[in-house]
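Below is one structure, written out as structure tokens, with a few remarks after it.
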Amino acid sequence: MIMDAVRTEALPRAFYDRPVLDVARDLLGRVVVHTTDDGDVAARVTEVEAYAGPDDPGSHAARGRTPRTAVMFGPPGHAYVYFSYGMHWCANLVCGPEGTASAVLLRAGEVVSGLDLARSRRPAARRDVDLARGPARLAAALGLDGAQDGADLCAPTSALRVLDDATASSSRGPGAVVTGPRVGVSGPGGDGELFPWRSWLAGEPTVSAYRVAAPRRRRAGSGASTTTDEESTQ
DNA sequence: GTTCCGATTCCCT
DNA sequence: GGGAATCGGAACC
């Protein structure tokens, strides 16, 4: 993809100030850019996941507002970057009206600019399609960490922003967007309800393979290990 | 103060 | 396909 300097304007806040599922869908195919002293890395978003506020049991906001989740409860158009598993950063984009506490997790992308820098940040990636295949990988490739938590995506000088690229939506035809449920979390309307939490671009090699979060082994001692084995692949 | 567990990834089999 | 690595937030006592 050619990065046209004329089109590097960031999406306006109004883009994020909409229902979370609309924002999630419209983010697909768009390019997120992070500028650092080392340079720019840009990635085309290929997979996202929606988190629909405090009523969403799978959301960090479900337990109410805490110092950690404060950004989610704030105004739209800001980044919510959190640390997970003691080693990974994951990036969300806050959306909906202030107080909604909904956000879109960037699950996967295709690095389209700054490939060398992205490779240096992701030495474990064997192929370029693996550079940003997965939420923590995407954050790593972009060079995102806690320093970007709360960052304003819409400020004129913001280092982190999503480009307002008119070709983004045209690069995906009708039906190119696929949606699927999260596993382990029932929909707001009750068990079994299919809610399009996750959406991705069909046929993209950078879409992360879906895996059910495997219950990790308890700390030594707990003999009764009821392993709930469930497998699911897309 | 202490314990539990996670919106994951990597490496080995 | 399975297990280990690793640390901070939030719940619990």
Side-chain angles (χ1 to χ4, degrees), chain A residues 20-21 23-24 27 32 43 45-73 79-95 101-109 111 118-119 121-150 179-188 195-200 206-234:
Chain A
V20 61
L21 290 179
V23 178
L27 275 171
V32 54
V45 178
T46 57
E47 183 184 1
V48 296
E49 186 159 324
Y51 289 88
D55 293 333
D56 178 353
S59 171
H60 287 177
R63 292 192 179 94
R65 181 177 185 143
T66 66
R68 179 208 200 185
T69 61
V71 173
M72 285 184 89
F73 287 82
Y80 167 52
V81 185
Y82 70 93
F83 194 57
S84 183
Y85 287 92
M87 59 193 97
H88 302 303
W89 293 97
C90 296
N92 302 251
L93 309 185
V94 178
C95 58
S102 33
V104 176
L105 171 70
L106 304 178
R107 284 200 61 89
V111 176
R119 289 178 188 129
R121 287 168 174 163
R122 295 265 304 114
R126 298 197 163 203
R127 306 169 302 164
D128 283 349
V129 291
D130 291 327
L131 285 173
R133 195 170 85 137
R137 293 168 170 183
L138 175 61
L142 287 171
L144 298 176
D145 57 28
Q148 283 74 48
D149 187 34
T179 61
R182 282 195 312 241
V183 171
V185 179
S186 53
F195 195 68
W197 306 103
R198 291 195 312 133
S199 31
W200 62 93
T206 53
V207 171
S208 56
Y210 184 72
R211 256 198 285 171
V212 176
R216 292 187 323 298
R217 193 167 59 91
R218 291 263 182 148
R219 290 175 60 193
S222 64
S225 60
T226 50
T227 48
T228 54
D229 288 351
E230 290 185 23
E231 287 302 323
S232 172
T233 11
Q234 62 179 28

When rounded to whole Å, the CG to P distance for the pair A/Leu138 and B/dA7 reads 17 Å
Considering only nitrogen or oxygen atoms on both sides, find all protein atoms under 3.5 Å from nucleotides 9-13 of chain C and state each distance.
{"unit_1": "C/dA10", "atom_1": "OP1", "unit_2": "A/Thr66", "atom_2": "OG1", "d": "2.1"}

Sequence neighbours excluded, the answer for ring-ring contact (aromatic ring centres under 6.0 Å, His included) partners of A/Phe73 is none
Of B/dC10, C/dA5, B/dG6, the nucleotide closest to the side chain of A/Tyr85 is B/dG6
The side-chain hydrogen bond (donor to acceptor under 3.5 Å, both in side chains) partners of A/Arg127 (sequence neighbours excluded) come to A/Asp130
Interatomic distance, SG@A/Cys90 vs CG@A/Asp145, rounded to 0.5 Å, equals 12.5 Å
A/Arg119 meets the salt bridge (charged side-chain N to carboxylate O under 4.0 Å, His left out) criterion, sequence neighbours left out, with A/Asp116, A/Asp128
Between OH of A/Tyr80 and C1' of C/dG8 the distance, given in whole Å, is 11 Å
In whole angstroms, the gap separating P of C/dG8 from CG of A/Asp149 amounts to 14 Å
Pairwise side-chain contact, A/Cys95 with A/Val104, heavy-atom cut-off 4.5 Å (strictly under): yes
Output for pair (A/Arg107 CZ, A/Asn92 CG), nearest 0.5 Å, gives 11.0 Å
Rounded to whole Å, CZ of A/Arg126 lies from P of B/dC10 at a distance of 11 Å
Notebook entry, point to check: Do A/Tyr82 side-chain and B/dA7 base share a donor-acceptor contact under 3.5 Å?
Noted result: yes
Are A/Arg122 and B/dT9 close enough that a side-chain N or O sits under 4.0 Å from OP1 or OP2? no
Winner on side-chain proximity to A/Phe83, out of B/dA7, B/dT9, C/dG8, is C/dG8
side-chain hydrogen bond (donor to acceptor under 3.5 Å, both in side chains) filter on A/Arg121, not counting sequence neighbours, yields A/Thr36
Winner on side-chain proximity to A/Met72, out of B/dC10, C/dA5, B/dA7, is B/dA7
Whole-Å distance, A/Asp130 CG to B/dC11 C1', equals 14 Å
Per-residue pairing states of DNA chain B in dot-bracket (Watson-Crick or G-U under 3.5 Å; . unpaired, | other strand) read ||||||.|||||.
### Task
Would you please confirm or rule out a distance under 4.0 Å between OP1 or OP2 of B/dC10 and any side-chain N or O of A/Arg137?
yes
Quick check: do A/Asp56 and A/Tyr51 have side-chain heavy atoms less than 4.5 Å from each other?
yes
Side-chain contact check for A/Ser59: nearest option of B/dA7, B/dT9, B/dC10 is B/dA7
Sequence neighbours excluded, the answer for side-chain hydrogen bond (donor to acceptor under 3.5 Å, both in side chains) partners of A/Asp149 is none
The side chain to side chain contact (heavy atoms under 4.5 Å, CB included) partners of A/His60 (sequence neighbours excluded) come to A/Arg68, A/Thr69, A/Met72, A/Tyr80, A/Tyr82
Sorted by chain and residue number, the side chain to side chain contact (heavy atoms under 4.5 Å, CB included) partners of A/Ala43 (sequence neighbours excluded) come out as A/Val32, A/Leu138, A/Leu142
Ordered by number, residues from residues 140-148 of chain A within less than 4.0 Å of DNA chain C (heavy atoms) are none
Notebook entry, point to check: With distance as the sole test, does A/Arg122 use its side chain to make a donor-acceptor pair with the main-chain N or O of A/Ala118 at under 3.5 Å?
Noted result: no
Ranking B/dC10, B/dA7, B/dT9 by distance to the side chain of A/Pro135, first place goes to B/dT9
A/His88 atom NE2 is separated from C/dT6 atom C1', nearest whole Å, by 9 Å
